[in-house]
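Beneath this line is the structure, given in structure tokens, with notes to follow.
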Amino acid sequence: MRKIFPADALARDRRFNRQTPEERLSDPRISRPGAGNPSSSKLTPEQANGPDRARALMHGIFVGEIQALEGAGRTCWDFEEGTDVPFELKLDMARQCWDEARHCEISVALSDHMGTELGEFAENVTLYEAACNPDPVLRLTGVNRALEGLAIDVFNTMKEFGNMAGDPVLEFCEDWMLADEVTHVKMGSDWLRRLTANDKERLDKALEFQRVVDRLFSFNGFRGEDDDSPIQLTRRFRELAGFSTDEIDEIADMARETKNEAPV
Ligand SMILES: [Fe+2]
Ligand SMILES: [Fe+2]
């Protein structure tokens with residue numbers, strides 16, 4: 001079986017449509033009121049397009065779950081145990097595959113519950129592309145720490161959205177997936193430290209890759225600590241997942257910078 005499988009060869013049926021992140025953001029169903037004006041961007045059930053934005057966000061999570069499953073599976077296969085990665089890292093990735101497969105099933109049921117058809121929103125493959133990095137440590141920072149760190153923020157925000165909307169199905173689905181994502185991010189944090197304990201250059205490179213991915217998803221104040229950020233940065237769960245206070249502060253600062261850079 002081939003190693004480092006390219007994103008454009010992933011198996012998808014005709015329901016799935018692929019778009020770049022930029023194309024996806026121009027979807028009028030999910031544009032925020034007063035686009036370019038982050039002060040009106042909080043995601044709430046009362047907002048006119050709040051339910052559509054919530055459905056689009058959870059569809060994005062659904063395709064992300066498929067890619068997380070594919071990425072963790074590839075990391076089990078792409079590297080030689082002993083020389084490239086320890087066997088225990090592959091065991092963690094295998095456990096992650098099981099969790100992501102369950103998240104796919106939960107997401108399909110949740111889509112149905114929210115009135116969303118699979119493929120109703122487009123897929124972009126940023127997560128899987130980050131999972132193709134030839135260095136397993138960069139996969140762990142790009143996918144487990146940056147993108148699954150973002151998933152922690154999304155699940156916690158959507159859990160609160162479910163609570164506000166009086167929807168216990170949404171609230172509990174988010175809570176169950178959130179618990180697993182904290183574990184996946186912690187795996188990333190733990191393996192990053194173990195595999196780079198004596199290799200400062202590799203650690204710096206891996207953290208820089210994490211920053212690049214984090215920055216992609218902090219645009220326009222999308223994820224941040226301000227009350228009007230659509231996705232709230234979740235300090236408590238990030239601490240449980242092995243982020244230091246300095247690391248969380250850095251993500252919060254990045255969000256503020258990108259918000260200030262946004263066109264008004
Ligand atoms: Fe997941
Ligand atoms: Fe995950």
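What you see below is based on every heavy atom in this structure, not just the backbone, and it leaves out hydrogens, waters and symmetry mates. When a ligand or atom number is given, it counts from 1 through the structure's own listing order.
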Name, closest N/O/S atom of H103 to the Fe ion (ligand 1): ND1
Can you name the N, O or S atom of H184 that is closest to the Fe ion (ligand 2)? ND1
Assess whether atom CD of E120 is packed by more than 12 heavy atoms of other residues, nucleotides or ligands within 6.0 Å. yes
Tell me whether N17 contacts the main-chain N or O of A122 through its side chain, where contact means a donor paired with an acceptor under 3.5 Å. no
Please note down the angle at the Fe ion (ligand 2) between OE2 of E148 and OE1 of E181, to the nearest 10°. 90°
Tell me whether Q47 contacts the main-chain N or O of R53 through its side chain, where contact means a donor paired with an acceptor under 3.5 Å. no
For the Fe ion (ligand 1), the nearest N/O/S atom on E100 is atom OE1
Using modelled atom types and a 3.5 Å cut-off, is there a donor and acceptor pairing between side-chain atoms of T75 and backbone atoms of G71? yes
What N/O/S atom of E65 is the closest to the Fe ion (ligand 1)? OE1
Side chain to side chain donor-acceptor pair (under 3.5 Å) between H59 and E123, intermediate numbers included: CA-CA 8 Å; H59 192 280; E123 174 180 21; over 6 Å; no
